[in-house]
Amino acid sequence: MSCGVYLPFRRLERQAVHAANRWFAGGLKTLAHGTRSIANWDEDAVTMAVEAARACLDGMDRSIPRGVTLASVTHPFADRSNAGLIKEALTLPDDVVATDAGGSMRAATLALRDALEGSRTRLVIGSDLRKSRIGSEGEMLQGDGAAAILVGHGEPIARLIASHSLTIDFIDHFRRSGTAFDYQWESRWVREKGYMDLLAGAVATLLKEAGLTAGDIDHAVLPISDPAAFRAAARAIGLRPEAVIDTLGANVGDIGCGHPLLMLASALERAGPGERILVTGFGQGADTLLFETTEAVTRNSKRGVARALSAGKSDDNYMRFLFHRGLIDMDRGIRAELDQKQPGTTLYRKRSAVLGLVGSKCGETGVVQFPPSAIAVDPNGRFRDTQSPYPLADRIARIISYTADALGYSPDPPTYYGTLDFEGGGRIVTEFAEVGPEDVEVGRAMRMVFRIKADDEQRGFTKYFWKAVPAQRGEG
């Protein structure tokens, strides 16, 4: 039905990674070109998934999705519904089905196939924030980001016409539960047996069942981060060179579970009506899905891949990247020694305001207020129980006043925060994300983004809230 993507604002220059590690890992020089997307300290698989989902649902009634699936191998919580957090942030109805999928790089394509075979209108999101060892190839080839696909009934932009899956315990890499880093197997084995045999074989089976040849494919999604393996797989399948979708490795990197969906979104941006799109997923087997676009493909979301790519900013601060990843420790000072305990009772009662940024609007005075209250804030009309829910997350706000705080602790100093007035009413005091002196001024239009507020390291709990970023960064 629609698609949406999210790529973090910062793009780390691979040359900066090589410069810091060439004394030990000189072989990284061959990969030291372009950039990779990197999440900020206050982003994770959930926050990025929320932004991709917002792009996917842009302009739609939030009651349309009847299910949400988050596919990831880096879920922030092992025992708390990560997809349920996304449901709250999107202010979806309480009776939607929210599920987490993981365990393989195929998690998103498996979830997409399940959604296509089901009866519910479902939002399928792939999102990952992976860690790699310092000075490894993964540090160069991986990226952070998310992509979302809405599957449902109505007038689609593409229809599924065939699918085929293969499940086999072929280990190209693995990571044990509770460990931080993947163990990679030998690359030639993965290329020849994995991509050129198993993946190419799954595609051949799909095409045979559909009565087509590789030459009939207009756009092909092969989410393979190794450039040599990518080219070899395309040749083995027999795809026309012009049909193969760019992996976005030069500027983004491999974003994990969401990468097939990210490349699918890219294919939909360039596809015209009546064209065939092949989507593959690889990991302990392979998924292959064949779509045909409709006339409605031209109304695809404008908040897609091209816009997300143009909104990024090059960054050469490798040390900050390592700190935000938790790969190096720094002296945070006594100002960081705050107890961040979150009472579960309060969060439950205030979840629509905290997680969904839902305020209230008085039916008598029309005044909008945040946080919501049973009593109107208008001094000339202290009406009681006249409030109705009023979502603010998708409304543009403007800066009324702001401060840059260099004294309090922040993982990304200084901390910018200020007072914002929303268009249509409502005021909030909140932090700004990824801004500098050139980005903030009174009157500047801002949009709200779902981010990590703080981590309760003592109990292992992540606190989320909404922050503000400049509205012109391609997202709004």
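Computation of the quantities below employed the complete heavy-atom set of this structure, encompassing side-chain atoms and omitting hydrogens, waters and symmetry-equivalent molecules.
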Arg62 bridged to Asp394 by N-O distance under 4.0 Å: yes
Under 3.5 Å donor-acceptor, Thr74 side chain and Leu129 backbone: yes
pair Asn21-Glu139: side-chain heavy atoms closer than 4.5 Å: yes
Centroid-centroid under 6.0 Å between Phe170 and Trp189 rings: yes
Parallel, tilted or perpendicular: rings of Trp185 and Tyr183 (30°, 60°): tilted
Side-chain touch Ile157/Leu268, heavy atoms, less than 4.5 angstrom: yes
salt_bridge(Arg175, Asp182) N-O dist < 4.0 Å: yes
Over all atoms of both residues, closest heavy-atom pair of Pro260 and Val221: O-CG1, 3.8 Å
Heavy-atom pair of closest approach, residues Gly359 and Pro372: C-CB, 3.9 Å
Close aromatic pair by centroid cut-off 6.0 Å: Phe461 and Phe77: yes
Student check: side-chain heavy atoms of Asp144 and Ile255 closer than 4.5 Å: no
Exercise: identify the closest heavy-atom pair between Asp94 and Lys87: OD1-NZ, 2.5 Å
Side-chain heavy atoms of Arg54 within contact of Arg447, under 4.5 Å: yes
Side chains of Val151 and Thr121 in contact at under 4.5 Å (non-hydrogen atoms): no
Main-chain N/O of Gly145 paired with His259 side-chain donor or acceptor, under 3.5 Å: no
Donor-acceptor side-chain pairing of Tyr6 and Glu43 below 3.5 angstrom: yes
Check: Arg66 side chain, Arg120 main-chain N or O, donor-acceptor pair, under 3.5 Å: no
Name of the residue among Ile217, Val279, Val203 meeting side-chain contact (heavy atoms from CB on, under 4.5 Å) with Leu290: Ile217
Flag, side chain of Ser127 to backbone of Ala45, donor-acceptor distance under 3.5 Å: yes
Criterion salt bridge (Lys or Arg N to Asp or Glu O under 4.0 Å) on Arg451 and Glu434, from CA distance to verdict: CA-CA 11 Å; Arg451 293 291 179 98; Glu434 295 156 334; 3.2 Å; yes
Backbone of Gly201 reached by a side-chain donor or acceptor of Thr205 within 3.5 Å: yes
CZ (Arg159) with more than 12 external heavy atoms under 6.0 Å: no
Donor-acceptor contact below 3.5 Å, side chain Thr288 vs main chain His164: yes
Any donor-acceptor pair under 3.5 Å from Asp405 side chain to Leu407 backbone: yes
Residues in side chain to side chain contact (heavy atoms under 4.5 Å, CB included) contact with Thr345, at least two apart in sequence or another chain: Pro343, Arg349
Candidates Val252, Asp315, Asn251, Asp316 - the one meeting side-chain contact (heavy atoms from CB on, under 4.5 Å) with Thr35: Asn251
N-O pairing of Arg36 and Asp254 below 4.0 Å: no
Residue pair Leu123, Ile125: steps toward the side-chain contact (heavy atoms from CB on, under 4.5 Å) verdict: CA-CA 6 Å; Leu123 187 62; Ile125 314 166; 4.0 Å; yes
Validation row: Met319, Ile328 side chains within 4.5 angstrom (heavy atoms): yes
Distance (rounded to the nearest 0.5 Å) between Ile237 CD1 and Leu207 CG: 8.5 Å
Worked check of side-chain contact (heavy atoms from CB on, under 4.5 Å) between Val449 and Glu51: CA-CA 7 Å; Val449 292; Glu51 291 307 305; 3.8 Å; yes
Heavy-atom neighbours of Glu137 CD exceed 12 at 6.0 Å: no
Side-chain donor/acceptor of Glu186 to backbone N/O of Arg188, under 3.5 Å: yes
Within 6.0 angstrom of Lys341 NZ, more than 12 heavy atoms from elsewhere: no
Donor-acceptor contact below 3.5 Å, side chain Lys467 vs main chain Ile452: yes
Verdict with supporting geometry, Asp197 and Glu192, side-chain contact (heavy atoms from CB on, under 4.5 Å): CA-CA 6 Å; Asp197 185 357; Glu192 295 180 359; over 6 Å; no
Under 3.5 Å: donor-acceptor pair, side chain of Lys131, backbone of Arg325: yes
Crowding at CG, Asp79 (>12 non-hydrogen neighbours, <6.0 Å): no
Short side-chain donor-acceptor distance under 3.5 Å, His219 and Arg270: yes
Pair Val190-His173, side-chain contact (heavy atoms from CB on, under 4.5 Å): steps then yes or no: CA-CA 9 Å; Val190 175; His173 73 280; over 6 Å; no
Audit row: Phe282, Tyr195, ring pair (Phe, Tyr, Trp, His ring centres under 6.0 Å) steps and yes/no: CA-CA 8 Å; Phe282 183 79; Tyr195 298 130; 4.8 Å; yes
Student check: side-chain heavy atoms of Arg113 and Leu289 closer than 4.5 Å: yes
Test salt bridge (Lys or Arg N to Asp or Glu O under 4.0 Å) applied to Asp412 and Arg320, step by step: CA-CA 8 Å; Asp412 193 13; Arg320 177 171 58 195; 3.5 Å; yes
NZ/NE/NH1/NH2 to OD/OE distance under 4.0 Å, Arg332 and Glu457: yes
Glu431/Lys453 ion pair, N-O < 4.0 Å: yes
Pairwise side-chain contact, His18 with Met140, heavy-atom cut-off 4.5 Å (strictly under): yes
Whether over 12 other heavy atoms sit under 6.0 Å from Arg176 CZ: no
Which donor-acceptor pairs under 3.5 Å do the side chains of residues 99-111 make with protein atoms, sequence neighbours left out?
{"residue": "Thr99", "atom": "OG1", "partner": "Thr69", "partner atom": "OG1", "Å": "3.0"}
{"residue": "Asp100", "atom": "OD1", "partner": "Ala83", "partner atom": "N", "Å": "2.8"}
{"residue": "Asp100", "atom": "OD2", "partner": "Asn82", "partner atom": "N", "Å": "3.1"}
{"residue": "Asp100", "atom": "OD2", "partner": "Asn82", "partner atom": "ND2", "Å": "3.1"}
{"residue": "Ser104", "atom": "OG", "partner": "Arg106", "partner atom": "N", "Å": "3.0"}
{"residue": "Ser104", "atom": "OG", "partner": "Gly283", "partner atom": "O", "Å": "3.1"}
{"residue": "Arg106", "atom": "NE", "partner": "Asp287", "partner atom": "OD2", "Å": "3.2"}
{"residue": "Arg106", "atom": "NH1", "partner": "Leu166", "partner atom": "O", "Å": "3.3"}
{"residue": "Arg106", "atom": "NH1", "partner": "Gln284", "partner atom": "O", "Å": "3.0"}
{"residue": "Arg106", "atom": "NH2", "partner": "Asp287", "partner atom": "OD1", "Å": "2.8"}
{"residue": "Thr109", "atom": "OG1", "partner": "Arg106", "partner atom": "O", "Å": "3.0"}
{"residue": "Thr109", "atom": "OG1", "partner": "Asp287", "partner atom": "OD2", "Å": "2.8"}

Atom pair CG (Leu12) and OH (Tyr318), whose distance is rounded to the nearest 0.5 Å: 8.0 Å
Option among Thr47, Asp42, Asp44 that satisfies the side chain to side chain donor-acceptor pair (under 3.5 Å) test with Tyr464: Asp44
